2 protein chains.
Amino acid sequence: MKLSNQAQAFVLHFGEMGSRWGFNRTVGQMFALLTIHSEPLNADQLAEALKISRGNVSMGLKELQAWRLIELHHQPGDRKDYFTAAGSIWDLARTVFEERRKRELDPTLTLLRQLLLTDPRDEQEAQAQEKIQEVYSLLEMLDQFANTLSKLDHKDLHKLMKLGSGLNKLLDLKAGVKAKATTKTTNTTTTKSTTGKKAK
Amino acid sequence: MKLSNQAQAFVLHFGEMGSRWGFNRTVGQMFALLTIHSEPLNADQLAEALKISRGNVSMGLKELQAWRLIELHHQPGDRKDYFTAAGSIWDLARTVFEERRKRELDPTLTLLRQLLLTDPRDEQEAQAQEKIQEVYSLLEMLDQFANTLSKLDHKDLHKLMKLGSGLNKLLDLKAGVKAKATTKTTNTTTTKSTTGKKAK
DNA sequence: TTTAACTTTCAGAAGTTTCTGAAAATTGTA
DNA sequence: TACAATTTTCAGAAACTTCTGAAAGTTAAA
């Protein structure tokens, strides 16, 4: 398994960034590699390509399975386990999204809900309670929003893409007036579609 | 500085979660404390309340300032620096959001854009390129979306909250009467989940 | 059965991040 | 200016995370 420069750069970058998205460097690399490589890969291939130990690969695969980001396959006449990324890019992004929501947002909401149940004992606590309520409202909104987003299918996603930065317009549309033209000119960075081909 | 149970719970939780949102435990705690405490606090008070060293507080404050999440104040006749959270909860959330986008999404978009410039040298690379294009499209969409969201003011936010999970309706609304010819096949792949416990 | 092909586990090593506290730097007042 | 109040820095210690590789475990086929 020799990686092209392209694949190498992609994989290394997702290793660094991966830690931001909830998994460690090698898990991020493994996921990136399984994502750009269309053929299934086995543990030895991953270990060789990423130059990491076999044991590390085993642990990484376990974690990626816990995240439901990879799928196990078998090749006829070969006892090795082969893996691919589970589903389309959008499926993967959605899974990461959803999983993080479960892990990061839900526990916080649970705690805040609990804190809001006890009555404040003095002025100080009353003010704190108010802040907690605000945080709670915001996070709950985010949670619902994420929930809705993650339920969208591929088609809806494309609609949303086409709307682009038109969210403002949508808000106006739904809410009626709002004449206050804040001149929010969302400057849309234009993609240079280099490949010519429209992405599959 | 003695924290109420309520404050204690809030602060500790945000310490744990904070690391997910891009800063470390104590920075998360400091931020949480400054957020629920309505009065400005100085470095010594933070150190005492959170039981951490003075030096650590200094570093944490520096980081919070870099994130533009806190504000410096002075009390007449007191040379100490006092800090409060910068703005409303929504302002804070937006700042965190925006800052993370800059740090996490933008570098990735830059890299992917670069990768898309070089022509694939074989079939394998062509397929990889396609995947990269897909990832790029998705992330760019997210980026624009986040960008739009972070520009919404408090009022728009409340509208959005009221819409709640009505995003679907909005999508239908905007896209015309496109009949539901597309049956939503929401869950595509069901992984054979061995769902082991997360490794210790 | 037994064996060989393969995967998983886990103790300790290596690497990384965070924290402390004493010393250095900065600042305001007299 | 001198000094005291305050903040910042940073070397090393402590805490935490990740990685390796040998050994244990599992499985399929002979």
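Predicted, not measured: the structure shown is a model, and the values here were computed from it. Every chain is numbered from 1 and lettered A, B, ... according to where its sequence line falls, protein lines coming before strand lines.
- Nearest to the side-chain atoms of B/Ile52 among the listed nucleotides C/dT7, C/dT20, C/dC19 stands C/dT20.
- Rounded to whole Å, atom P of D/dT6 lies 14 Å from atom CG of B/Leu72.
- Using a 4.0 Å heavy-atom criterion, one finds that B/Leu61 contacts no nucleic acid atom at all.
- Comparing C/dT7, C/dT9, C/dT20 by their closest approach to the side chain of B/Met59 singles out C/dT20.
- Spacing between atom OH of B/Tyr82 and atom P of D/dA5 amounts to 15 Å, rounded to whole angstrom units.
- Between A/Glu48 atom CD and D/dT20 atom P the separation is 14 Å, expressed in whole Å.
- Side chains of A/Ser137 and A/Gln133: a donor-acceptor N/O pair is present below 3.5 angstrom, by distance only.
- Judged by atom type and distance alone, B/Arg79 reaches the base of C/dT27 through a side-chain donor-acceptor pair under 3.5 Å.
- When heavy atoms are screened at a 4.0 angstrom cut-off, A/Asn56 is found touching base atoms of the nucleic acid.
- The separation between A/Lys80 atom NZ and C/dA4 atom P is 16 Å, rounded to whole Å.
- One atom, CE of B/Met30, and another, P of C/dT18, lie 14 Å apart when rounded to the nearest Å.
- Of the side-chain N and O atoms in A/Thr26, none sit less than 4.0 angstrom from OP1 or OP2 of D/dT18.
- Of the side-chain N and O atoms in A/Arg54, one or more sit less than 4.0 angstrom from OP1 or OP2 of C/dT7.
- Cluster membership check: B/Ile52 shares its hydrophobic cluster with B/Leu64, using side-chain heavy-atom separations under 4.5 Å among Ile, Leu, Val, Met, Phe, Trp and Tyr.
- Spacing between atom CG of B/Asp78 and atom P of D/dT6 amounts to 6 Å, rounded to whole angstrom units.
- Considering CG of A/Asn147 and NZ of A/Lys102, their distance stands at 10.5 Å, rounded to 0.5 Å.
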Could you go through the side-chain contact (heavy atoms from CB on, under 4.5 Å) check for A/Ile36 and A/Phe14 one step at a time? CA-CA 11 Å; A/Ile36 39 164; A/Phe14 275 80; over 6 Å; no
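- Rounded to whole Å, the distance from NE2 on B/His74 to P on D/dT6 is 11 Å.
- At least one side-chain nitrogen or oxygen of A/Lys62 sits closer than 4.0 Å to the OP1 or OP2 atom of C/dT9.
- Across the protein-nucleic acid pair, A/Glu63 atom CD and C/dT8 atom P stand 14 Å apart, rounded to whole Å.
- B/Asn42 has no side-chain polar atom (N or O) that falls below the 4.0 Å cut-off from OP1 or OP2 of D/dT6.
- No chain of hydrophobic side-chain contacts below 4.5 Å, direct or via other Ile, Leu, Val, Met, Phe, Trp or Tyr residues, connects B/Leu46 to B/Leu12.
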